[in-house]
Amino acid sequence: MKIKAALTPEKGAPFVMRELSLAEPMGNELRVRVVAVGICHTDLNSRDQFYPMPLPAVLGHEGAGVVEAVGPAVSSIKPGDHVLMSFGSCGDCPSCKTGDVAYCWHHMEMNFSGLRYSGKAWDIPSPISMTCEDGEERPIGGAFFCQSSFASHAICTEENAVVVEGDLPLDVLAPLGCGLQTGAGAVLNSLKPGPGDSLAVTGAGTVGLAAIMAARIAGCDPIIAIDTNPDRLRLAMELGATHAINPADGDLVEAVKAIAPDGVKFSIETTAHPKVFRAAVDILQVRGVCGLIGGAKLGTEVSLDMTHILFGRTVRGILQGDSAPKQFIPRLIELFREGRFPIDKLERFYRLDQINEAVADMKSGATIKPVLLTGAAQ
Ligand SMILES: [Zn+2]
Ligand SMILES: [Zn+2]
């Protein structure tokens, strides 16, 4: 079928609206009419080739919509179901077999190869194809995070689709599939702080603010938000931070020590800047844990004080907040319904064809979480 999509034509280029072709779902795949899709930094990092996603491609990995068709092997999802799409995992590797799907040994191939998984290898061309200048129809990079949802329609799999109740707002919930579960999961699944534990978050973007909301749910105190944008710090305070630090005002480590003299028990690093990561480790108390979430370009290095680490401190990489989406997203939806996870305060809505404007607002800091509305399902 013909679809409308925001295509990434080449490295670093603006998105271009194009009509493309989408194959039928096969095996365990679903075709979803996309209602809304969040924009995440991993989309932009993939566009900029921090990761080896083949281009041209359709990116987008926080899609939400309505199932239109299912492949012959699908048993738990049917046409008409409302779904949120999350990351892909193979289902067969040692991590997947223990339910730790965020650490699928084939995370890169499942999410960044641009190809479909046949159950043995990534040897099936993307479901998306484009009519090229010579008139030939050729496959382009698709299956990004098993969805490529910057489009009116997407192919995902039974594994990475989470069915949600039909009365829920798909536009508000779309970003749960990546950014919000990443931040909240880092606190609730990975670090698991208890009431009264100190926790600091570097970077108050979507992931950092989700971590702050989760830290409030966990009863952390103090909850220290660190960002250079005063508006984001204000929002962080509204969402649960007890203290806000702007590193532009002076030494970050000293500012944290003024609040937690022995350092914090937990820190969460979301900025992907080596110097900020270093600070997130330097502010830890003895036996403290720094959760690293920020996605830096492949090969980025950092220097750490070895003696500081020796005192029982831990640096822990965290992907997707350790989430198993089919279990964790419903839990976050429950918290949203209770008013304890007010993700709508982070979001601003744009039409799909306003994607470049949305990206510019995200980069300038004017918008924290842009969500694109395809208009296909109204
Ligand atoms: Zn796996
Ligand atoms: Zn993401």
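What you see is a predicted model, and the numbers here were worked out from it, not measured in a lab. First listed ligand is number 1; within each ligand, the first listed atom is number 1.
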*Asks:* Below 2.8 Å, any N, O or S contact between Cys96 and the Zn ion (ligand 1)?
*Replies:* yes
*Asks:* Is it true that Arg337 and Asp167 make a salt bridge, defined as a side-chain N closer than 4.0 Å to a carboxylate O?
*Replies:* yes
*Asks:* Should the pair Asp322-Arg316 be classified as a salt bridge under the 4.0 Å nitrogen-to-oxygen rule?
*Replies:* yes
*Asks:* Looking at the Zn ion (ligand 1), is there an N, O or S atom belonging to His107 that lies under 2.8 Å away from it?
*Replies:* no
*Asks:* Looking from the Zn ion (ligand 1), what is the angle between SG on Cys104 and SG on Cys90, to the nearest 10°?
*Replies:*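 Roughly 100°, rounded to 10°.
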*Asks:* Would you say the Zn ion (ligand 2) has His41 as a near neighbour, meaning an N/O/S atom of that residue under 2.8 Å away?
*Replies:* no
*Asks:* Between Glu159 and Ser89, is the side chain to side chain donor-acceptor pair (under 3.5 Å) condition met? List the steps.
*Replies:* CA-CA 7 Å; Glu159 280 69 38; Ser89 52; over 6 Å; no
*Asks:* What closest approach, in Å, do Ala186 and Ile268 show between heavy atoms, and which atom pair accounts for it?
*Replies:*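 Closest approach of Ala186 to Ile268, heavy atoms only: CB-CD1, 4.2 Å.
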